[in-house]
There are 2 protein chains.
Amino acid sequence: MNVDNAKSQMRKGMLEYCIMLLLSEKAYYTSDIIKRLKEANLLVVEGTLYPLLTRLKNDGLLAYEWQESPQGPPRKYYVLTDKGAEILKQLDAAWGELENTVRQLKNRRLLIEN
Amino acid sequence: MNVDNAKSQMRKGMLEYCIMLLLSEKAYYTSDIIKRLKEANLLVVEGTLYPLLTRLKNDGLLAYEWQESPQGPPRKYYVLTDKGAEILKQLDAAWGELENTVRQLKNRRLLIEN
DNA sequence: AATAGTACTTTGCATTGCAAGGTATATATA
DNA sequence: TATATATACCTTGCAATGCAAAGTACTATT
């Protein structure tokens with residue numbers, strides 16, 4: 001096994017959640033998103049992000065508006081819709097459950113080891 | 001979008017980690033693993049688990065030994081190998097990073113909202 | 001018009017969760 | 001012996017999705 005692959009697999013599914021978290025803050029366009037997630041220690045690439053944003057938009061969780069760029073072609077700025085905010089709440093809960101699951105499994109291990 | 005699907009996607013990749021966490025505790029066979037993970041709030045089914053265990057065994061992270069069952073056919077009890085324990089450490093770190101990422105994204109949101 | 005830079009998009013592959021169905025072993029019962 | 005039931009392990013096919021790589025389009029500069 002490859003730990004990098006395992007980490008990549010862990011990111012899977014997280015990504016949707018993280019992007020919605022980020023966009024709940026304010027509107028971002030793709031390059032910004034990549035930069036901001038990188039700062040938060042999550043590496044994402046274009047080939048991952050564009051299809052994901054399109055998917056979330058098609059599901060009505062995101063919307064976008066075009067904005068002029070100071071240099072270059074216009075940008076799609078994405079924001080969270082009301083529906084997206086609803087779903088985000090549920091993902092928050094789901095994430096909390098996962099954290100709990102790992103915590104439980106870890107605690108049990110510690111109980112037995114010590 | 002389907003929140004259940006999103007949750008399922010979140011579980012992806014986590015599962016490997018959780019199963020290794022569980023097996024770091026002691027030897028389990030498949031039905032036990034499903035039961036224990038269910039108690040930890042993580043629903044897994046046979047069709048997911050068997051291929052995963054086989055994969056981890058082929059990668060040398062797990063080993064198994066047959067044990068008689070009080071009723072029915074013998075069972076494969078899986079344990080973590082030394083190599084598996086090494087990898088588990090790395091997955092622990094990876095998980096910690098993901099928790100941090102989400103925490104950062106959440107904090108920023110809170111800072112802006114309030 | 002040609003080039004460079006930025007931005008958005010698509011294609012194809014690999015991985016993996018999962019439903020559904022299959023095989024094998026042990027025990028009980030007719 | 002045959003049949004039924006319970007338990008356990010395994011496989012197949014599909015769908016979702018991260019990602020590398022290649023492609024398209026718009027803008028500004030030379």
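Being a predicted model, the structure only gives us computed values, none of them experimental.
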Could you give the [atom1]-to-[atom2] distance, from [X] to [N], as a whole number of Å?
{"X": "B/Ile19", "N": "C/dG17", "atom1": "CD1", "atom2": "C1'", "value": "11 Å"}
{"X": "B/Leu43", "N": "C/dG17", "atom1": "CG", "atom2": "C1'", "value": "13 Å"}
{"X": "A/Leu49", "N": "C/dA7", "atom1": "CG", "atom2": "P", "value": "13 Å"}
{"X": "A/Glu46", "N": "C/dG12", "atom1": "CD", "atom2": "P", "value": "19 Å"}
{"X": "B/Met14", "N": "C/dT16", "atom1": "CE", "atom2": "P", "value": "15 Å"}
{"X": "A/Lys35", "N": "C/dT6", "atom1": "NZ", "atom2": "C1'", "value": "12 Å"}
{"X": "B/Tyr50", "N": "C/dA24", "atom1": "OH", "atom2": "P", "value": "15 Å"}
{"X": "A/Ile34", "N": "C/dA7", "atom1": "CD1", "atom2": "P", "value": "10 Å"}

- Item | Nucleotides bounding contact with chain B, strand DNA chain D, heavy-atom threshold 4.0 Å | D/dT7 to D/dT17
Would you confirm whether [X], through its side chain, and [Y], through its main-chain N or O, come within 3.5 Å as a donor-acceptor pair?
{"X": "B/Lys35", "Y": "B/Thr30", "result": "no"}
{"X": "B/Thr101", "Y": "B/Glu97", "result": "yes"}
{"X": "A/Ser69", "Y": "A/Pro74", "result": "no"}
{"X": "A/Ser8", "Y": "A/Asp4", "result": "no"}

Students often get this wrong, so: under 4.0 angstrom with heavy atoms, is [X] touching a base, only sugar-phosphate, or nothing?
{"X": "A/Ser31", "answer": "sugar-phosphate"}
{"X": "A/Thr30", "answer": "sugar-phosphate"}
{"X": "B/Ser8", "answer": "sugar-phosphate"}

- Query: Under 4.0 Å between a Lys/Arg side-chain N and an Asp/Glu carboxylate O for A/Asp92 and B/Lys106?
  - Reply: yes
- Just compare C/dT6, C/dG17, C/dT25 and give me whichever is closest to any side-chain atom of A/Pro73. C/dT6
- Task: Among the candidates C/dT10, C/dA7, C/dG17, find the nucleotide nearest to the side-chain atoms of B/Arg55.
- Result: C/dG17
- Message: Measuring to OP1 and OP2 of C/dG17, would you say a side-chain N or O of B/Asn5 lies under 4.0 angstrom away?
- Response: no
- Taking for each residue the nucleotide of DNA chain D with the nearest heavy atom, is it B/Thr48 or A/Val44 whose nucleotide lies nearer the 5' end? B/Thr48
- Message: On DNA chain D, compare the nucleotides closest to B/Pro74 and A/Gly47; which residue's is nearer the 5' end?
- Response: B/Pro74
- Message: Between B/Glu16 and B/Arg55, is the salt bridge (Lys or Arg N to Asp or Glu O under 4.0 Å) condition met? List the steps.
- Response: CA-CA 10 Å; B/Glu16 241 173 31; B/Arg55 205 187 316 140; 3.3 Å; yes
- Message: Does any part of the side chain of B/Leu49, heavy atoms only, come nearer than 4.5 Å to the side chain of B/Ile33, both counted from C-beta?
- Response: yes
